[in-house]
Amino acid sequence: GERGTAVREVIELDLEELDWRGAVTGLGGLFVALAFIGLFGPVGMAAGIAALFVVAADADDVAGPDRAQVVLVVAGSVITSIVGHAADSTIAAALVIAAVTLGATLLVLLGPRYATSGAFALMWAVLTLSIGATDESADTMALAFAAGGAIALAALAMADRLAPPQPATDAPTRGVPSAEPPSRWAIEVFAVVRALAAGLCVVIGYESFEDHAAWVVLTFVLVLRPPKEQTTVVAFGRTLGTLGGVVLGIVAAQIVGDETWMLLVAFLVAGFFMVATTNVNYALSTAFTTTLLLLSERILQDDVYSTGWTRLLATLTGVAMAFAVIAIMAATTQLRNRSTRGSP
């Protein structure tokens, strides 16, 4: 059945697909990111993430940056400011995240390029909920995001001018069954339901996970994204990976103790394997991501046991909300089909 297929996809692991070269590159990028954050703090983080998102949203068959990437930079900057100012209020934060979720989901109607930019913008909106805990103002962070994105756009334009991209070939997509594209009605209803649920996730996060308010909605957004057919697989993988990562992170933190340099080594090792397994096994990559998070908390002298437990509960809550949306969509579609059959 569907559940058995999901479990098989979660535990499937092809060691030959491990991306060692990407892991080495990612480790270098992690060093640079840590240095950049160390030098410039949250401002460096915002600029770095903007540049990363712009590069990740690039298309090989498009000469230079396209409109979707420009929209990502402009919208991301505006979102940074709005979410940053709203972060101190539960209701305001919930309304803003719901609005961003609605807009990002509806961008699917404009095509896959805009859908990708919308997904990144929504991800950044959720991450920006933590701006209120920094010493930087929301407007400063917004300018940093715009600057980082603009630099990345310029770099891509220059790189594509020096080496024009080759047209992409129509390669078969593995593991993605062909299906009829959803109707405009289905996308619009999904966008509304997803937005309302995202806002509710923010409220739950603020009320139940005060120190990590964004984790519930972050899980929800990562699990419930088009295509919705993959929600079960991603949900199983994220839950299993989070549980494994909590155990691995706690064990690693206990082994290395309070030695800062050993904690940094363990942190970098976790980052290395997180990148190496990203395209191989989602559960395993999530486990190393969670380990990375817990080790960073230990470096900051926080309690890994409390953080790990909070991470697991927030993940389960976000997954439950994603399945609730799927159930609502199924019921809504069924009612619409009955109404259509009953109409003259």
Are W215 and L313 close enough, and set up right, to give a side-chain contact (heavy atoms from CB on, under 4.5 Å), and what steps lead you there?
CA-CA 9 Å; W215 281 357; L313 284 180; over 6 Å; no

Test of understanding: clusters of I, L, V, M, F, W, Y form through side-chain heavy atoms closer than 4.5 Å, transitively. Do M123 and V202 belong to the same one?
yes

From T101 atom OG1 to F220 atom CZ, the distance as rounded to the nearest 0.5 Å:
7.5 Å

W185 side chain near T333 side chain, heavy-atom distance below 4.5 Å
yes

Quick check: closest heavy atoms across A191 and L106, and the distance to 0.1 Å?
CB-CD2, 3.7 Å

Mind telling me whether W124 and F145 have parallel, tilted or perpendicular rings, with 30° and 60° as the class edges?
parallel

Under 4.5 Å between any side-chain heavy atoms of V96 and H85, yes or no?
no

Group every Ile, Leu, Val, Met, Phe, Trp and Tyr by side-chain heavy-atom contacts under 4.5 Å, then state whether L102 and I91 land in the same group.
no

With a 4.5 Å cut-off on side-chain heavy atoms, are L224 and M329 touching?
no

What about V203 and L95, same hydrophobic cluster or not, with Ile/Leu/Val/Met/Phe/Trp/Tyr joined at side-chain heavy-atom distances under 4.5 Å?
no

Any idea which heavy atoms bring L129 and A87 closest together, and the distance?
O-CB, 3.8 Å

Where is the tightest heavy-atom contact between A138 and S81, given as atom of each residue plus distance?
CB-O, 3.7 Å

Non-hydrogen side-chain atoms of V108 and F190 separated by less than 4.5 Å:
no

Would a hydrophobic clustering, with Ile, Leu, Val, Met, Phe, Trp and Tyr connected at side-chain separations under 4.5 Å, put I82 with F120?
yes

Are V221 and R194 close enough, and set up right, to give a side-chain contact (heavy atoms from CB on, under 4.5 Å), and what steps lead you there?
CA-CA 9 Å; V221 168; R194 188 187 188 211; 4.2 Å; yes

Side-chain contact test, heavy atoms from C-beta onward, threshold under 4.5 Å: evaluate it for M141 versus T128 and give yes or no.
no

Side chains of D139 and L143, heavy atoms from C-beta outward: is any pair under 4.5 Å?
no

Could you walk me through whether H212 and T307 pass the side-chain contact (heavy atoms from CB on, under 4.5 Å) check?
CA-CA 9 Å; H212 302 285; T307 303; 4.3 Å; yes

Considering all heavy atoms, the nearest V256-A266 contact
CG1-CB, 4.3 Å

Calculate, to the nearest 0.5 Å, the distance between atoms CG and CG belonging to L284 and L240 respectively.
9.5 Å

Please answer whether the main-chain N or O of V73 pairs with a side-chain N or O of S77 as donor and acceptor at a distance below 3.5 Å.
no

Report yes if the side chains of T315 and T286 come closer than 4.5 Å at any heavy-atom pair, otherwise no.
no

Is there a chain of hydrophobic side chains (I, L, V, M, F, W, Y, each step under 4.5 Å between heavy atoms) that links I255 to Y305?
no

Mark yes when over 12 heavy atoms from residues, nucleotides or ligands other than W309 sit less than 6.0 Å from its CH2; otherwise mark no.
no

From L127 atom CG to L218 atom CG, the distance as rounded to the nearest 0.5 Å
6.0 Å

Return yes if some donor-acceptor pair links the side-chain N/O of T317 with the main-chain N/O of V216 below 3.5 Å, else return no.
no

Other ILVMFWY residues reachable from L107 by side-chain steps of under 4.5 Å:
V71, L110, Y114

Interatomic spacing from CD1 in I79 to CG in L72 - rounded to 0.5 Å:
8.5 Å

Write down the atom of V100, the atom of A125, and the distance for their closest heavy-atom approach.
CG1-CB, 3.9 Å

Partners passing side chain to side chain donor-acceptor pair (under 3.5 Å) against T116 (at least two apart in sequence or in another chain)
none

Gap between atom CG of L316 and atom CG of L243 - 0.5 Å precision:
8.5 Å

So which atom in R113 and which in A68 form the shortest heavy-atom distance, rounded to 0.1 Å?
O-CB, 3.7 Å

As an exercise, state the distance from OG1 of T242 to CZ of R311, rounded to the nearest 0.5 Å.
5.5 Å

Salt bridge (charged side-chain N to carboxylate O under 4.0 Å, His left out) involving E207 - partner list, sequence neighbours excluded:
none

